[in-house]
There are 2 protein chains.
Amino acid sequence: MTQKKVEHLLKAHQLRRTETRVEVLELFLEKDMALAQKDIEDELGTIDRITLYRTLRTFEDKGLIHRAIDGSEKLRFALCSHECNPVEGHFDEHAHFHCKVCEKTYCLEQIHTPSVRVPKGYQIESSHLVLKGICEHCS
Amino acid sequence: MTQKKVEHLLKAHQLRRTETRVEVLELFLEKDMALAQKDIEDELGTIDRITLYRTLRTFEDKGLIHRAIDGSEKLRFALCSHECNPVEGHFDEHAHFHCKVCEKTYCLEQIHTPSVRVPKGYQIESSHLVLKGICEHCS
DNA sequence: ATTTATTTGCAACAATGATGCAATTAACTA
DNA sequence: TAGTTAATTGCATCATTGTTGCAAATAAAT
């Protein structure tokens with residue numbers, strides 16, 4: 001059923017079905033957390049670095065994945081919920097938790113980023129809540 | 001008076017007064033925003049890359065500056081308030097605003113990071129609120 | 001002025017980000 | 001099903017950033 005879902009996701013976002021894209025998407029679906037390029041390389045082994053780099057950018061452009069701000073040095077991506085789309089942009093209104101032990105980043109869908117009073121002159125387009133600590137597997 | 005303050009800050013954190021450290025500290029005091037290594041290099045010109053790299057790490061270790069999570073790819077540091085110290089760690093309980101136009105990062109001291117309900121099993125050690133948009137100078 | 005532990009600056013290397021280009025291939029068409 | 005074409009890949013290449021070892025330089029104490 002992941003197969004079907006992957007095919008549908010690719011088609012829905014006007015992306016050709018290639019080996020790399022399928023593998024990457026399957027991994028995102030399976031892991032259900034934010035992944036850095038390195039994480040993906042380690043999991044998929046044979047994948048080409050540049051192809052993966054562009055695959056992630058393409059997925060981001062088309063609204064399949066978004067950058068997960070987790071306060072780590074690594075750039076991570078997470079699967080988008082259905083609200084994301086290439087026209088209106090990304091909706092990513094949940095908190096991200098980054099474990100300092102295993103260095104994994106989890107999306108906490110149940111925790112929404114709070115709305116804050118806008119300081120004078122500042123136009124806020126998005127807000128992100130980053131939580132750091134120790135995850136349930138490491139504590 | 002910045003002179004005095006710089007001297008005091010260095011002495012208070014048991015750091016020798018060197019040219020690089022003084023210049024970097026003065027810049028932080030003057031700019032009053034989060035700075036990436038590149039920003040500092042551009043401002044100070046002649047500074048050595050590695051020395052600056054280590055200066056920033058040292059300042060961080062000693063509790064003079066902290067990492068400002070701003071959701072950008074760049075690692076930025078901001079001057080600590082007095083509550084930070086090397087023993088108990090960093091307190092950085094205010095929001096950071098990152099402007100997508102000028103790419104500067106401001107500390108919004110008046111906006112505190114909200115406390116959130118802890119999900120089961122997760123131990124939260126710090127939380128960070130990142131705001132993105134357009135700053136008052138760019139809008 | 002001398003001593004000593006700290007700090008600097010260079011060399012060197014790894015990892016990551018980014019782009020041009022020719023070869024390959026997915027999806028469409030006849 | 002074979003052929004066409006635009007998208008995609010993989011390589012080469014380069015820039016930037018992060019990191020460490022080490023010898024020379026230097027701040028602070030004596």
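Proteins come first, then strands; the chains are lettered A, B, ... in the order of their sequence lines, and each starts at number 1.
Side-chain atoms of B:His96 and B:His94 include a donor-acceptor pair closer than 3.5 Å. A donor-acceptor pair shorter than 3.5 Å can be found between the side chains of B:Thr105 and B:His98. Judged purely by distance below 3.5 Å, without hydrogens or angles, the side chains of A:Arg21 and A:Thr55 never pair a donor atom with an acceptor atom.
The overall bend of the helix from C:dA1-D:dT30 to C:dA30-D:dT1, read as the angle between its terminal helix axes built from five base pairs each, is 30° when rounded to 10 degrees.
Distance A:Ile50 CD1 to C:dA18 P: 13 Å, rounded to the nearest Å. C:dT6 atom C1' lies 11 Å from atom NZ of B:Lys62, rounded to whole Å. For the pair A:Tyr53 OH and C:dT19 C1', the computed distance is 9 Å after rounding to whole Å. One interatomic measurement links the two molecules: NE2 of B:His13 to P of C:dT6, which rounds to 18 Å at whole-angstrom precision. Look at CG on B:Leu52: it is 14 Å from P on C:dC10, rounded to the nearest Å. Spacing between atom CD of A:Glu73 and atom C1' of C:dT16 amounts to 13 Å, rounded to whole angstrom units.
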Report task. Test ring pair (Phe, Tyr, Trp, His ring centres under 6.0 Å) on A:Phe77 and A:Phe59 and set out the steps. Result -> CA-CA 10 Å; A:Phe77 293 93; A:Phe59 279 5; 9.4 Å; no

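Using a 4.0 Å heavy-atom criterion, one finds that A:Arg21 contacts the sugar-phosphate atoms exclusively.
Ion pairing between a basic and an acidic side chain is recognised when a charged N comes within 4.0 Å of a carboxylate O; A:Arg17 and A:Glu7 show such pairing. A salt bridge is absent between B:Lys38 and B:Glu43: the closest approach of a Lys/Arg side-chain nitrogen to an acidic carboxylate oxygen does not fall below 4.0 angstrom. Ion pairing between B:Glu60 and B:Arg67 holds under the 4.0 Å rule for side-chain N and carboxylate O. With respect to the salt-bridge test (charged N to carboxylate O, under 4.0 angstrom), the residues B:Asp39 and B:Arg76 qualify.
Less than 4.0 Å separates DNA chain D from at least one heavy atom of each of the following residues of residues 36-49 of chain A: A:Asp48, A:Arg49.
Note that the first and last nucleotides of DNA chain D, 5' to 3', having any atom under 4.0 angstrom from a heavy atom of chain A are D:dA6 to D:dT13.
No continuous path of hydrophobic side-chain contacts links A:Ile124 to B:Ile134 [ILVMFWY only; heavy atoms under 4.5 Å]. In this structure, B:Leu64 is a member of the same hydrophobic cluster as B:Leu29, with clusters built from ILVMFWY side-chain heavy atoms closer than 4.5 Å.
Annotation for A:Gln14: atom CD does not count as buried by contact number, only 12 or fewer foreign heavy atoms lying within 6.0 Å.
Between A:Leu75 and B:Thr51, the residue anchored nearer the 5' end of DNA chain C, judged by the nucleotide with its closest heavy atom, is B:Thr51.
Under the 3.5 Å distance criterion, the side-chain polar atoms of B:His13 are matched with a main-chain donor or acceptor of B:Leu9.
Taking 4.0 angstrom as the limit, A:Arg57 places a side-chain polar atom (N or O) nearer than this to OP1 or OP2 of C:dA18.
Residue pairs that meet the salt bridge (charged side-chain N to carboxylate O under 4.0 Å, His left out) test with at least one member in residues 127-138 of chain A, sequence neighbours left out, do not exist here.
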Report summary line: Contact string for nucleotides 24-30 of chain C, one letter per nucleotide 5' to 3', B = base within protein heavy-atom range under 4.0 Å, S = sugar-phosphate only, - = neither, reads --BS---

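For A:His137, the side-chain contact (heavy atoms from CB on, under 4.5 Å) partners are A:Tyr106, A:Cys135, not counting sequence neighbours.
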